Amino acid sequence: MPTVYIDEIAKFQGQEVTLQGWVYNKTAKGKLIFLMLRDGTGLIQAVMFRDTVGDALFESTLALTQESSVRITGTVSEDKRAKGGFELQVSTLEVVHLAAEYPISPKEHGIDFLMEHRHLWLRSSLQHAVLKVRHEIISACRDYFDNMNFTLIDAPIFTPAAAEGTSTLFETNYFEDKAYLTQSGQLYMEAAAMAFGKVYCFGPTFRAEKSKTRRHLTEFWMIEPEVAFCDLEGDMELAEGLICAIVERVLDKRREELKRLERDLSKLECIRKPFPRLDYEDAAQILKEENSQFVYGDDLGAPDETIISARYDRPVMVTHYPAGVKAFYMKRDPERPDRALCVDLLAPEGYGEIIGGGQREDDLDTLLSRIHEHQLPVENYDWYLDLRKFGSVPHAGFGLGLERTVTWICGLQHIRETIPFPRTISRIYP
RNA sequence: UCAGGUGUAGCUCAAUCGGCAGAGCGGGUGGCUGUUAACCACUAGGUUGUAGGUUCGAGUCCUACCACCUGAGCCA
């Protein structure tokens, strides 16, 4: 008799099969028991009658607690009264482990309690759905780049120096020395792009920002492509294509999960190329019209991003920010030297920036003077500067924040549910 | 770091003007052959975040601290 998973149960109608999983819920009715079984692929109702299985098995099944693990053998039958349309008529049941009193009940809980029990909360259906969508988005990103012959190049986690500001670095001991947890794989991807042409990395990044908002984690995952002989325009097309590939894939493969999350699918179905492109000037004009607190010349704040994204039904790309608010490696616009050849992609519905990128400075002397202007220790960048000495070419790339993307796609209120074990300013447990 | 908010049973929350510490869920016991977060009856469960203070009397008022939540700045 086959041991099967719940998501393939329809194929076994009328047959006797064994399922392995956990007791999600139990309803006892005197002479029959309903067990909702969860196995990671889905839920199914199992029905056990006292007359069929005998008193001993019936009594031990009555004693089952929530999340006890079991092997159940029975006959698969179609039944309209059961959720999912199928149920298992139990013939035997083996208790693998009788669970202790489970802290998470089907009723409501506060966020702090749930986060304290994150290792168990993952079993709940909404968390399950979010992480399935996360997996699909990761898979879509990999396929997108792999299908265009990008090479995956892994960036290091320990780094000797900052890619951007030094105040937001996690410092750690490295034998007799100091090392920092990476904030971005970008500088390494620039090196890799000069070797492989089209590359990307996908890994965790760390920011010691003391941010306490629904958009911030101290540990989050980024996908960072970098392309040699690519300018800002090409970079934007690459970003646009990636977002469309993600949305398309999730709508195709994870529609059930999105429905369970009560996501308004029409908001995703209208995501198509081309995305509107706004120059920083255009963005500033919109913000002026909307009475924002925005100060011309500054970076966009979170409320500013919301105002701009509210005008469109798809992601917006804002380009050519003032160079002063951007990182040292950004190439300047030759026609407007106070502007950077950069792009931020703002997700719709006020979900904010999910992509930041642009064309990199490829001239050695210009890059050197930027490093000095930003008062960065030039000796840490010797290897990076080498890239401008040995066949420097125009190149561009960007970073996609995975968790912010998952937040948007799932329509969540907070980023903390989009990663299995979130790390925030106030949480490093479990 | 700053601003606002919350802290009462295992969980989610009540407690009127400062006057007996309560409910639902979850747990336990019993009942029920079609439940969908079942239902019915009974039952156990409390240092009201911590430390001080005011008062005849504090969950409630005051002070400090702690934890968490929501934002801002910064960023993906």
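Model, not experiment: these values are computed from the prediction. Proteins come first, then strands; the chains are lettered A, B, ... in the order of their sequence lines, and each starts at number 1.
- In this model, no side-chain donor or acceptor of A:His109 finds a partner on the base of B:C11 within 3.5 Å.
- Counting any heavy atom pair closer than 4.0 Å across all strands shown, A:Gly110 reaches sugar-phosphate atoms only and no base atom.
- In this structure, CD1 on A:Ile104 lies 5.0 Å from CG on A:Leu120, to the nearest 0.5 angstrom.
- Classified by interplanar angle (parallel below 30°, tilted 30° to 60°, perpendicular above 60°), the ring pair A:His119/A:Tyr429 is perpendicular.
- Remark: the separation of the C1' atoms in B:U6 and B:U43 is 32 Å, to the nearest Å.
- One N or O donor and one acceptor, one from the side chain of A:Ser211 and one from the base of B:C74, sit under 3.5 Å apart.
- Counting any heavy atom pair closer than 4.0 Å across all strands shown, A:His117 reaches no nucleic acid atom.
- Residue A:Ile111 has its side chain nearest to B:C69 when only B:C75, B:C69, B:A76 are considered.
- Between the NE2 atom of A:His216 and the C1' atom of B:C75 there is a distance of 4 Å, given to the nearest Å.
- Ring geometry for A:Trp383 versus A:Tyr188: interplanar angle under 30°, hence parallel rather than tilted (30 to 60°).
- Phosphate proximity of B:C69 to A:His414: absent, as no side-chain N or O sits under 4.0 Å from OP1 or OP2.
- Look at A:Lys29 and you won't find any side-chain N or O under 4.0 angstrom from OP1 or OP2 of B:U33.
- In the set B:U70, B:A72, B:G27, B:G27 carries the atom at the smallest distance from any side-chain atom of A:Glu101.
- In this pair, A:Phe170 and A:Phe206 present their aromatic rings perpendicular. The plane angle is above 60°, beyond the 30 to 60° band.
- Nearer to the 5' terminus of RNA chain B, by closest-nucleotide assignment, is the contact made by A:Tyr102 (compared with the other of A:Phe34 and A:Tyr102).
- Within the nucleic acid shown, A:Glu87 comes within 4.0 Å of at least one base atom, counting heavy atoms only.
- Taking atom P on both B:U70 and B:C65, the two are 23 Å apart, rounded to the nearest angstrom.
- Atom NZ in A:Lys210 sits roughly 12 Å away from atom C1' in B:C2 (whole-Å rounding).
- Nearest-nucleotide assignment on RNA chain B puts the 5′-proximal partner with A:Pro103, out of A:Asp79 and A:Pro103.
- Taking atom C1' in both B:G46 and B:A23, the straight-line distance is 14 Å, to the nearest Å.
- Relative to the side chain of A:Met222, the nucleotides B:A76, B:G34, B:A37 differ in distance, and B:A76 lies closest.
- Few gaps surround NZ on A:Lys26; more than 12 heavy atoms of other groups in view lie less than 6.0 Å from it.
- Distance A:Lys212 NZ to B:U6 P: 15 Å, rounded to the nearest Å.
- Rounded to whole angstrom, the span from the CE atom of A:Met36 across to the P atom of B:G34 amounts to 17 Å.
- Using a 4.0 Å heavy-atom distance criterion, A:Ile104 is classed as making no nucleic acid contact.
- For A:Tyr200 and A:Asp146, the side-chain atoms include at least one donor-acceptor pair closer than 3.5 Å.
- A distance below 6.0 Å separates the ring centres of A:Tyr280 and A:Tyr296.
- Base orientation of B:C42: anti, since the glycosidic angle falls outside 90° of 0.
- Rounded to an integer number of Å, the gap from A:Met330 CE to B:C75 C1' is 12 Å.
- With both ends at atom P, the span from B:A15 to B:C61 equals 12 Å, rounded to whole Å.
- On the P atoms, B:G45 is 12 Å away from B:G10, given to the nearest whole Å.
- Checked against B:C69, B:G34, B:C75, the side chain of A:Leu32 finds its nearest nucleotide in B:G34.
- Looking at heavy-atom distances under 4.0 Å, A:Arg215 makes contact with a base.
- Using a 4.0 Å heavy-atom cutoff across all strands shown, A:Leu400 reaches no nucleic acid atom at all.
- Between the base of B:G27 and the side chain of A:Gln66 there is no donor-acceptor pair shorter than 3.5 Å.
- The base of B:C75 lies close enough to the side chain of A:Arg404 for a donor and an acceptor atom to sit less than 3.5 Å apart.
- In this entry B:C2 has B:G71 as its Watson-Crick or G-U wobble partner, both defining distances falling under 3.5 Å.
- Atom CZ of A:Arg416 and atom C1' of B:C68 are 10 Å apart (whole Å).
- Counting only heavy atoms from C-beta on, A:Arg207 has its side chain closest to B:A76 among B:A72, B:A76, B:U33.
- Candidate nucleotides B:A72, B:U33, B:U35 were compared by shortest atom distance to the side chain of A:Pro303, and B:A72 ranks first.
- When all heavy atoms of A:Gly401 and A:Met222 are compared, the closest pair comes out as CA-CG, 4.3 Å.
- Taking atom CD1 on A:Ile425 and atom P on B:C2, their separation rounds to 12 Å, with Å as the unit.
- For A:Phe113 and A:Trp121, the distance between ring centers is not under 6.0 angstrom.
- Across every strand in view, B:U63 sits in a pair with B:A51 that passes the Watson-Crick or G-U test at under 3.5 angstrom.
- Note: CG (A:Asn25) to C1' (B:G26) measures 12 Å, nearest angstrom.
- Taking the side chain of A:Phe113 as heavy atoms from C-beta on, and the options B:G34, B:U12, B:A72, the nearest nucleotide is B:U12.
- Distance from the side chain of A:Glu353 is smallest to B:A76 among B:A76, B:G34, B:G26.
- In this structure, A:Arg427 reaches neither bases nor backbone, as no heavy-atom distance under 4.0 Å exists between it and the strands shown.
- Across B:C13 and B:A51, the matching C1' atoms stand 27 Å from one another, rounded to whole Å.
- The same atom, C1', is picked in B:C20 and in B:U60; the two are 15 Å apart, to the nearest Å.
- Taking atom P in both B:G49 and B:U8, the straight-line distance is 6 Å, to the nearest Å.
- A sub-4.0 Å separation between OP1 or OP2 of B:C69 and a side-chain N or O of A:Ser426 is present.
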